[in-house]
Each structure stands twice: as structure tokens, then as C-alpha cells.
Amino acid sequence: MLRQIKNLSKLQLCNLFGLNVLRFSKDKKAKRKKIALGLVFAMLIVILAAYIVGFSYAFILMGMSEVLPAYLIAVSSLVIFFFGIFKAGSVIFQKKSYDILCSLPVPQSAIVISRFIRMYVENLLLTLAFMLPGLAVYVYFIQPRISFYLIAIVEILAVPLLPITAATFLGALVSAISSRMKHKNLVSALLSILLVLAIMLGSSQLTAVEGEVSMEMLANLSNTVISLLGKIYPPAVIMGSAMVNGDFVTCLACVGAFLVIFAVMTAIVSVSFHAICRRLFSTSAKHDYHMETLKEKSVLATLYKKELKRYFASSIYVTNTIIGPILAVVFAAAVCTMGIDTFKALPIPIDVAELIPFALAAIFCLMTTTCTSISMEGREWWIVKSLPINTKTIFNSKILLNLSLFAPFYIASEVLLIIALKPAPLDILWLLIIPAVMILFSCVLGITANLIFPVFNWESETAVVKQSASAMLSMCGALLALVSAVPVIVIKGVPADLIKLAICAIFATATVFLYKKNNSFDLQKIG
């Protein structure tokens with residue numbers, strides 16, 4: 001069985017990183033896209049590393065060096081956990097490969113173990129991206145003993161185990177509940193969203209500081225941070241303390257506990273793998289079709305209906321794209337509940353009210369449906385591009401889906417913010433226009449990104465929605481929305497309304513340019 005696990009793991013990892021395309025493909029265009037994809041990920045890793053180095057250096061300057069390892073472990077674990085909730089089920093219980101593998105003389109335990117290994121390797125790389133830059137800063141300034149390096153290596157290898165186990169359990173629980181219901185994909189998406197919101201609410205309650213922040217608390221900031229980390233993720237405090245103090249016994253005990261929990265979860269999933277897959281992939285049909293009056297719709301309306309069905313057929317597609325709009329409403333509700341005076345009282349030389357339209361736009365632009373809408377067609381893309389329909393209509397249907405999904409959340413957010421801010425008529429105009437223009441820009445930018453980096457030969461929707469280059473590039477819309485607020489804050493000699501007008505004009509012009517460029521694209525060249 002070890003040989004089967006090895007072979008299946010190699011297949012999983014080759015498919016994950018696209019190594020076979022670079023090694024064996026004779027298509028130079030495909031190779032160039034893989035290289036470009038690698039460069040995009042490298043750029044994102046560099047940005048992430050710079051950010052981690054920055055806040056790690058801040059920790060050292062504030063005299064909180066002993067807190068840094070625990071903080072890095074906690075952040076890495078929480079990121080793995082949150083991302084894992086959305087994708088653990090689709091990775092462990094892959095639908096496309098299930099029919100092939102279950103017909104082969106391969107033990108189901110080998111299949112499950114190989115998929116857990118794939119998740120472990122993927123999340124270990126994520127752990128390294130988070131922890132190595134921060135620990136490098138710690139080592140440079142603190143120059144710890146040799147025991148620190150040995151314990152750090154062991155703990156880094158163990159960090160992904162517990163978050164993967166917890167995410168797999170919750171993901172399987174959501175899948176098990178939704179599989180018994182009629183619209184299981186939609187129910188799975190709703191349960192995942194509710195679970196994430198519940199975890200975020202619980203975290204905010206745990207990290208809430210009662211009363212005002214005193215000078216004594218600021219002076220004892222290290223203990224305060226350790227206390228908060230202990231409430232959110234206690235293993236991080238234990239492992240961080242063992243790393244700093246050179247405590248091999250605590251380190252090995254913690255790592256051993258992680259391994260046991262991970263092994264138990266793997267064994268449970270292995271035993272019930274086929275039963276879970278049968279429940280997830282089985283469908284029921286009612287043969288009660290009755291001929292009714294046929295209705296004729298326009299081409300755009302028909303394509304929009306098709307996009308809507310495709311969207312709600314994928315729980316991971318729904319959860320990853322709808323969480324941004326939900327957070328936008330939560331943000332607006334928080335401003336409305338706490339009052340704008342609470343934010344204006346913060347000791348920062350910035351008018352917070354000026355930033356709110358840009359912050360709202362950034363939250364909406366975190367993830368659009370358009371950035372993966374072409375890739376989500378998968379192996380059926382040839383049908384779409386062979387239809388006698390112009391490119392503009394096809395892309396309009398994808399943009400219309402995004403806008404119609406965001407519209408209710410946009411309206412709710414705007415109403416709450418207008419109630420909270422009580423702005424002047426001109427400020428109401430900017431509050432409405434700035435997010436709207438940037439949302440439209442992000443939708444069109446998503447199409448552009450997906451045209452440059454389409455992925456059709458995916459095995460799991462997770463690879464498209466969470467790991468594709470177009471999904472990463474679409475987040476540039478959120479980044480640009482935040483950067484656009486800088487001129488409003490920095491430039492003092494020019495009226496803020498004039499700067500906002502210029503920003504909206506720039507985004508609108510860029511939207512029109514990208515929209516025309518997308519519509520002139522030859523779809524026959526894709527896929």
C-alpha cells in the first residue's frame with residue numbers, strides 16, 4: 001500500500017503545481033502561461049514576505065520578541081483553517097476522480113492518505129511563506145541558541161496538522177448535513193458562510209478588551225497579546241513558548257498530540273470514504289415532467305440564467321465570492337452600530353469618513369465571480385465558444401451575474417452607511433458612486449484576468465476558485481480601491497471632491513478600455 005500511496009501522492013502534487021505541463025507539454029503557449037503563473041505567485045509571496053518582515057520588525061522594536069513565534073504560528077494556523085473550511089471537502093472527496101479510482105484495485109485508505117498528503121504539502125508551503133520571513137527577522141535581531149532552530153524546524157512541519165484536521169472535520173460535517181437536502185450545493189454554501197461568520201464573531205468576542213486601554217496594559221503589551229492568542233489558539237502559545245525557551249519536551253508532546261489527532265481523522269475518513277462519497281455524489285430525479293407553454297427569452301437572458309445555475313451548482317464558488325459582500329454589510333452595520341464618532345475619536349490624523357467609500361469598495365472587490373467565470377466552464381467551454389453568439393453578449397452575461405449578486409448587499413450597505421454617517425448631499429453622491437464605479441471596474445478586470453490565465457483542465461473547483469492566477473489578480477481591484485484613498489488623504493491643496501471626481505473618471509476610463517478590449521477578444525484562441 002505504501003507504493004500506491006506514493007504514486008497517488010505524486011499524481012496529486014503534479015496536478016497541484018502543474019509540473020507535468022512544464023516538463024512534458026509541447027505547447028509553448030501553455031508553458032509560457034505556467035511560467036507567468038509562477039511569476040504571479042512569486043510576486044505575491046514577495047509582497048507577503050515584505051508585510052511579515054515589517055510587522056515582525058515592529059514586534060522586535062516594541063520589545064515583544066518573545067511573542068513573535070507564537071503570533072506567527074497562530075496566524076499561519078488560522079489562515080490554513082479558514083481556507084481549509086472552504087476547500088477541504090472538495091479536495092478529500094474529489095468528484096471527478098472518484099469514479100475512476102473506486103473501480104481500481106486500490107484501497108480507499110491509500111486514496112484518502114494521498115489526498116491528505118496533498119493538503120499537507122500545500123499548507124506546509126503556506127506555513128513556510130508566513131513563518132520563515134518572521135523567524136528570519138527574529139533570528140537576525142535576537143540571535144537565539146541552537147535549540148531554537150531545531151525546535152523551529154520540528155514545529156513548522158507540525159503547524160499545518162491541527163488546522164487541516166479541524167477544517168476537514170467541519171468541512172465534512174457541512175457536506176454531510178447538506179448531502180441529505182435537496183439543494184445540497186446551495187445548503188453547503190450557506191452552512192459554510194454561517195460557520196465562517198460564527199467563527200469571526202466568536203473571535204471578535206474573545207479579542208474584545210473590556211473597558212478602556214490603560215497605560216499599564218500598554219506597558220505590559222506582551223502579556224496582553226499572549227493572553228489574546230491563548231483565547232484564540234492556545235497551541236500557538238505553547239509551541240511559541242517552547243521555541244523561545246528551548247523546551248524540547250513540550251515541543252515533542254505538542255507535535256505528538258498533533259500527529260495523533262491527524263492520524264485519527266485520516267483513519268475515520270478512510271473507513272467511511274466510500275459511504276461519504278456515495279451520499280455526496282448521488283442524485284435523485286423525479287419523472288413527473290409535464291409539457292407546458294414554452295417561453296422565449298433573449299440570448300442575454302438565457303446566458304444569464306445559465307450562469308446563475310452554474311454559480312449555485314458550486315458551493316465553493318458561492319462561498320468564496322459571496323463572503324465579500326456579506327462582510328461589506330457587516331462593516332456597514334458595525335459603523336452604524338458603533339457610530340462614526342467612535343472611529344473619529346481614534347488617535348490618527350485622518351478623516352475616517354473620507355475613507356469609508358474606498359473601504360466599502362475594497363471589501364466588495366475582494367473576489368468577483370467574473371475572475372473565474374470562464375475557467376468554471378471547464379471542459380464544456382467548447383460548447384459556449386462554438387455558439388453563434390458574439391463575445392460581448394457572453395461576457396455581458398457573466399458581468400450581469402456579478403452585479404446582480406452584489407446589488408442587494410450594495411444597497412443594504414449604502415442604506416446603513418447613510419444612516420450612520422448622515423452625510424451632506426454631495427457626500428452621499430460620492431458614497432454611492434465610488435464603490436459602484438470600482439465594483440464595475442473589478443468585474444471587467446476579472447474577465448480580463450481570466451482571459452489571460454484561463455484554466456479548463458481542472459479536477460477540482462478549488463483549483464480554479466482559490467488557486468488560479470486570475471483569482472489572485474482579481475484581488476488587485478481591492479488593492480487599487482485602497483490605494484485610491486491615498487490622494488484624498490495626502491493632497492491638501494486641492495478640494496477633496498475634485499480628487500474623488502478624478503479617481504472615478506480614471507476608474508471609469510479604465511473600465512471602458514478593458515471592456516472594449518475583452519469584447520474584441522477571439523474566443524477561439526482560448527482553450
Side-chain angles (χ1 to χ4, degrees), residues 40 43-44 46-48 50-51 53-55 58 324-325 327-328 331-332 334-336 338-368 370-371 402-403 406 409-410 413-414 416-418 420-449 472-517:
V40 169
M43 180 185 68
L44 293 173
V46 169
I47 294 171
L48 176 64
Y51 172 75
V53 166
F55 81 67
L327 290 177
F331 166 73
V335 174
C336 190
M338 299 172 66
I340 190 61
D341 294 334
T342 304
F343 295 93
K344 287 184 176 180
L346 294 173
I348 51 175
I350 298 172
D351 186 359
V352 179
E354 296 283 2
L355 299 179
I356 285 179
F358 298 96
L360 183 68
I363 297 171
F364 269 108
C365 298
L366 282 172
M367 181 73 173
T368 61
T370 54
C371 67
N402 200 148
L403 295 178
F406 283 16
F409 300 95
Y410 168 78
S413 302
E414 293 289 354
L416 289 171
L417 288 175
I418 289 172
L421 301 177
K422 299 180 177 60
L426 191 57
D427 292 329
I428 292 176
L429 186 65
W430 294 127
L431 187 61
L432 294 170
I433 290 177
I434 290 173
V437 170
M438 292 182 179
I439 289 170
L440 186 59
F441 168 77
S442 290
C443 291
V444 178
L445 178 66
I447 294 288
T448 305
M472 298 294 179
L473 286 174
S474 71
M475 295 182 185
C476 291
L479 182 62
L480 289 173
L482 291 175
V483 172
S484 300
V486 174
V488 179
I489 300 166
V490 174
I491 300 174
K492 300 296 182 183
V494 182
D497 293 328
L498 191 60
I499 298 173
K500 292 175 184 176
L501 178 62
I503 292 170
C504 290
I506 291 170
F507 272 90
T509 303
T511 303
V512 172
F513 172 77
L514 291 177
Y515 180 74
K516 290 183 177 179
K517 185 178 179 181

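Position 1 is the first residue of the sequence, and the numbers go up from there. Only this structure's heavy atoms are used, side chains among them; waters, hydrogens and symmetry mates stay out.
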Discussion item. With rounding to the nearest 0.5 angstrom, report the CE to CG distance, M438 to L445.
Written reply: 13.0 Å

Practice prompt. Walk me through it: do F358 and V483 pass the test side-chain contact (heavy atoms from CB on, under 4.5 Å)?
Written response: CA-CA 9 Å; F358 298 96; V483 172; over 6 Å; no

Discussion item. Give me the atom names and distance for the closest heavy-atom approach of P487 to S484.
Written reply: CD-O, 3.1 Å

Practice prompt. Could you tell me the separation between the CD1 atom of I433 and the CD1 atom of I428, rounded to the nearest 0.5 Å?
Written response: 11.5 Å

Practice prompt. Evaluate side-chain contact (heavy atoms from CB on, under 4.5 Å) for L417 paired with L360, printing each intermediate quantity in order.
Written response: CA-CA 10 Å; L417 288 175; L360 183 68; 3.7 Å; yes

Practice prompt. Taking side-chain contact (heavy atoms from CB on, under 4.5 Å) as the test, write out the residues that go with L480, two or more places apart.
Written response: F441, F507

Discussion item. For A359, give me all partners under side-chain contact (heavy atoms from CB on, under 4.5 Å), at least two apart in sequence or on another chain.
Written reply: F331

Fill in: Between CG on residue L514 and SG on residue C443, distance to nearest 0.5 Å
12.0 Å

Discussion item. Rounded to the nearest 0.5 Å, what separates atom CD1 in I434 from atom CD1 in I503?
Written reply: 6.5 Å

Item to complete: Check step by step if side-chain contact (heavy atoms from CB on, under 4.5 Å) holds for V444 and T370.
Response: CA-CA 7 Å; V444 178; T370 54; over 6 Å; no

Response to the item:
The side chain to side chain donor-acceptor pair (under 3.5 Å) partners of S442 (sequence neighbours excluded) come to none

Discussion item. Quick one, L403 and I439 - any side-chain contact, counting heavy atoms below 4.5 Å?
Written reply: yes

Fill in: CD1 on I47 to CG on L479, rounded to 0.5 Å
7.5 Å

Worksheet entry | Closest contact, heavy atoms only, A361 versus P435 | CB-CA, 3.8 Å

Fill in: Nearest atoms (heavy-atom pairs only) where A362 meets A478
O-CB, 3.3 Å

Worksheet entry | A332 to S413 - nearest heavy-atom pair and separation | CB-O, 3.6 Å

Discussion item. For the CG atom of L431 and the CG atom of L421, what is their distance to the nearest 0.5 Å?
Written reply: 6.5 Å

Worksheet, complete the sentence: Closest non-hydrogen atoms of T368 and G446, given as atom of the first, atom of the second and distance, are OG1-CA, 4.3 Å

Discussion item. If you apply the rule side-chain contact (heavy atoms from CB on, under 4.5 Å), what do you find for V437 with L440, and how did you get there?
Written reply: CA-CA 5 Å; V437 170; L440 186 59; 5.9 Å; no

Discussion item. Keeping Y410 on the side-chain end and P325 on the backbone end, is there a donor-acceptor pair under 3.5 Å?
Written reply: no

Worksheet item: Do T448 and K517 touch side chain to side chain, with heavy atoms closer than 4.5 Å?
Response: no

